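None of these values were measured; they are calculated from a predicted model.
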Amino acid sequence: MPRSSRPELPATPVYLRIAAALARDIEQGTIPVNSRLPAERALAARFDVNRQTVRAALQHLRHQRLVLTDRRGTYAVDRASHEAPPVPAPNSAVRDLPAFPAPSAGGPTSGRLFSASVSPSLAQQLGLAGGRSTLIHHHRVLNAAGKAVQDAVTYFSPTAVAEVPELARYLTRVPVSDPDLSLLYLWLERAGLRTVVREAITLTRHDRRGPAAPGLTMRRRVHDQHARLLALTDLGFTQPWQEITLEYTNPSASAHTLRPLPPIAVGT
């Protein structure tokens, strides 16, 4: 397969530069539509980075609808033909559906979809019979040093898995690394499920004399129009922070902006 020259890059995150170079390859036909991209190891060698950075670049391309990933590999797609028509809301207006998980400006990300049993209390909320497993998605945001600064674990209910064909197909494929769930909210709407979100925020107080900000965890519940639980997400911020902003962009998702805690000078 012909290779484009390695780009001369400005001071932007490495994974975004790699994503831009691959996007150009797709747009220029160097990587033809419907063809498989080089393996992660080959891409890591081409750009002289580790495979985690390559995965973050591929995840960014998935959010842009330029590639799709399945168990056979990652393929270039025609974004115009891949995008499905919007689903009308009851008032005939079209909702702007978010991607899942929401793209983060915090750095590279990694994800994993697997099946496992959960605690009895969580099983009761999800409507799981005793000992039964369910689909679980773990999404992690990393900083420039590769350290996790945000973790999100989403538990899908049996209702969501049973009524959304795209989720049900994953049951025979798990575990899957960096699964393409970017169209999750569209899948839910196609299945006739109108999503409503509720979020609970928990702050944990620390010693005010120390440098750490209060710990922050969030639990998000996504219900349908019949008040049935579809998914439950536990979101935790492991980076010291000074301020966080929650912005509701539509009924099915919200955006979170975190301002890190600046270094604190210790007096002598």
Side-chain angles (χ1 to χ4, degrees), residues 71 98-102 104 109-142 147-206 212-239 241 244 246 248 251-256 258:
R71 55 185 169 181
F100 175 91
S104 172
T109 63
S110 65
R112 184 169 180 264
L113 186 70
F114 56 97
S115 178
S117 57
V118 298
S119 67
S121 61
L122 194 55
Q124 183 177 14
Q125 296 181 64
L126 293 169
L128 284 168
R132 184 179 170 187
S133 61
T134 190
L135 280 179
I136 302 172
H137 181 252
H138 183 195
H139 179 71
R140 176 168 287 181
V141 179
L142 310 174
K147 182 179 179 181
V149 295
Q150 179 180 318
D151 273 294
V153 181
T154 298
Y155 307 89
F156 293 102
S157 72
T159 297
V161 175
E163 298 191 19
V164 179
E166 293 85 354
L167 285 178
R169 293 190 193 109
Y170 274 109
L171 284 175
T172 60
R173 298 170 50 192
V174 292
V176 179
S177 296
D178 293 316
D180 187 5
L181 303 182
S182 57
L183 296 179
L184 174 64
Y185 289 106
L186 179 59
W187 298 343
L188 293 171
E189 294 233 341
R190 281 178 174 171
L193 304 173
R194 302 290 301 170
T195 52
V196 179
V197 68
R198 295 181 61 187
E199 291 184 339
I201 301 172
T202 301
L203 292 173
T204 304
R205 178 179 290 277
H206 294 286
L216 174 66
T217 59
M218 179 180 302
R219 172 161 285 187
R220 172 184 294 172
R221 293 177 173 85
V222 178
H223 298 261
D224 68 3
Q225 67 272 36
H226 306 296
R228 298 179 302 177
L229 183 63
L230 301 176
L232 186 152
T233 299
D234 284 327
L235 176 65
F237 295 92
T238 55
Q239 177 186 24
W241 57 276
I244 184 166
L246 276 68
Y248 283 85
S252 59
S254 62
H256 310 86
L258 182 144

[X] side, atom [atom1]; [Y] side, atom [atom2] - distance, nearest 0.5 Å:
X: L183; Y: E189; atom1: CG; atom2: CD; result: 12.0 Å
X: H138; Y: F114; atom1: NE2; atom2: CZ; result: 7.5 Å
X: H223; Y: T195; atom1: NE2; atom2: OG1; result: 11.5 Å
X: L113; Y: T154; atom1: CG; atom2: OG1; result: 10.0 Å

Minimum heavy-atom separation for R112 and P175, please, with both atom names.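 Closest heavy-atom pair between R112 and P175: NH2-CB, 3.7 Å.
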For the student: nearest non-hydrogen atoms of L230 and A160, plus distance: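 Distance-wise, the nearest heavy atoms are O-CB, 3.4 Å.
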Evaluate whether atom CD of Q125 has more than 12 neighbouring non-hydrogen atoms of other residues, nucleotides or ligands under 6.0 angstrom away.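 Counting neighbours around CD of Q125, more than 12 heavy atoms of other residues, nucleotides or ligands fall under 6.0 Å, so yes.
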Test side-chain contact (heavy atoms from CB on, under 4.5 Å) on L171 and L135 and set out the steps. CA-CA 7 Å; L171 284 175; L135 280 179; 3.8 Å; yes
If only atom types and distance count, is the side chain of S157 paired as donor or acceptor with the main-chain N or O of L126 below 3.5 Å?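 A pair under 3.5 Å: no.
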Between Q150 and L235, is any pair of side-chain heavy atoms under 4.5 Å apart?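 They are in side-chain contact.
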Heavy-atom check, side chain of L229 versus side chain of R221, under 4.5 Å: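 A side-chain contact under 4.5 Å exists here.
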Please tabulate, one pair per line, all N/O donor-acceptor pairs under 3.5 Å involving side-chain atoms of residues 161-169, not counting sequence neighbours.
{"unit_1": "E163", "atom_1": "OE1", "unit_2": "R228", "atom_2": "NH2", "d": "3.3"}
{"unit_1": "E163", "atom_1": "OE2", "unit_2": "R228", "atom_2": "NH1", "d": "2.8"}
{"unit_1": "E163", "atom_1": "OE2", "unit_2": "R228", "atom_2": "NH2", "d": "3.4"}

Taking atom types as modelled and ignoring hydrogens, do the side chains of S133 and S115 form a donor-acceptor contact shorter than 3.5 angstrom?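 Their side chains do contain a donor-acceptor pair, which is all the 3.5 Å distance test asks for.
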Using only heavy-atom distances, determine whether the side chains of D151 and H139 contain a donor-acceptor pair under 3.5 Å.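 Not at all, the side chains of D151 and H139 share no donor-acceptor pair under 3.5 Å.
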Does the pair D234 and Y155 meet the rule for a side-chain contact (heavy atoms from CB on, under 4.5 Å), with working shown? CA-CA 9 Å; D234 284 327; Y155 307 89; 3.9 Å; yes
Go through it in stages, so that I can follow the logic: the residues are D224 and R194, the test is side-chain contact (heavy atoms from CB on, under 4.5 Å), and I'd like the CA-CA distance, side-chain angles, deciding distance and then a yes or no. CA-CA 5 Å; D224 68 3; R194 302 290 301 170; 6.0 Å; no
Decide side-chain contact (heavy atoms from CB on, under 4.5 Å) for L184 and F156; before the verdict, give the C-alpha distance in whole Å, the side-chain angles of both, and the deciding distance to 0.1 Å. CA-CA 11 Å; L184 174 64; F156 293 102; 3.9 Å; yes
